[in-house]
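Each remark here refers to the structure printed beneath this line.
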Amino acid sequence: MQEPNDLLRAARLRRSRSGAGPFSRQELANRLNGVLSALTGKEYTLDANYVGKLERGVIRWPHADYRQALRTILGAASDAELGLYLRQGR
């Protein structure tokens, strides 16, 4: 059973840097797409469903570029601050 990622959800719901209020899941996905495109030169189509998987704990360790984009957008100093970690094998 997955454990929800409350740290990531809380970071998303904090007021955005512009002071315009919290990000919806889709707004965060749109920002991720933009930052990832700037980082890699590729086009991304992440959506609210993907952000939901991160928040529900279905995905705990996204690709390194995704983690970097999340830290940048949400102003986090580390992956752990956003509740992101590599699952250890059994």
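Position 1 is the first residue of the sequence; numbering continues from there.
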message: Taking the side chain as everything from C-beta on, heavy atoms only, tell me whether L74 gets closer than 4.5 Å to F23.
response: yes
L46 to N33 - nearest heavy-atom pair and separation: N-OD1, 2.8 Å
- prompt: Are the side chain of D47 and the backbone N or O of Y50 linked by a donor-acceptor pair below 3.5 Å?
  reply: yes
- request: Take I73 and L32 through the side-chain contact (heavy atoms from CB on, under 4.5 Å) test and state the conclusion after the steps.
  value: CA-CA 8 Å; I73 295 164; L32 281 169; 3.9 Å; yes
Co-membership, hydrophobic cluster, residues Y66 and L39, 4.5 Å side-chain: yes
field: Separation of L28 CG from R12 CZ (nearest 0.5 Å)
entry: 7.0 Å
message: Between N5 and L84, is there a side-chain heavy-atom distance shorter than 4.5 Å?
response: yes
- request: Determine the minimum heavy-atom distance between A48 and A29, stating which atoms define it.
  value: N-CB, 4.0 Å
- prompt: Any side-chain heavy atom of I59 within less than 4.5 Å of one from L54?
  reply: yes
task: Examine distances only and state if a side-chain atom of R60 and a backbone atom of G83 form a donor-acceptor pair shorter than 3.5 Å.
output: yes
- request: Give a yes or no on whether the backbone of V58 and the side-chain of Q2 come within a donor-acceptor separation of less than 3.5 Å.
  value: no
field: Pair R71-D79, side-chain contact (heavy atoms from CB on, under 4.5 Å): steps then yes or no
entry: CA-CA 7 Å; R71 289 190 312 269; D79 295 331; 2.5 Å; yes
query: Is the number of heavy atoms from other residues, nucleotides or ligands under 6.0 Å of R9 CZ greater than 12?
result: no
- prompt: Nearest heavy-atom pair of E27 and P22: which atoms, and what distance?
  reply: OE1-O, 3.6 Å
- request: Report yes or no: is the cationic atom of R87 (NZ for Lys, CZ for Arg) under 6.0 Å from the centre of the six-membered ring of W61, at an angle within 45° of the ring normal?
  value: no
- prompt: For the side chain to side chain contact (heavy atoms under 4.5 Å, CB included) test, which of E55, E81, R56 pairs with L8?
  reply: E55
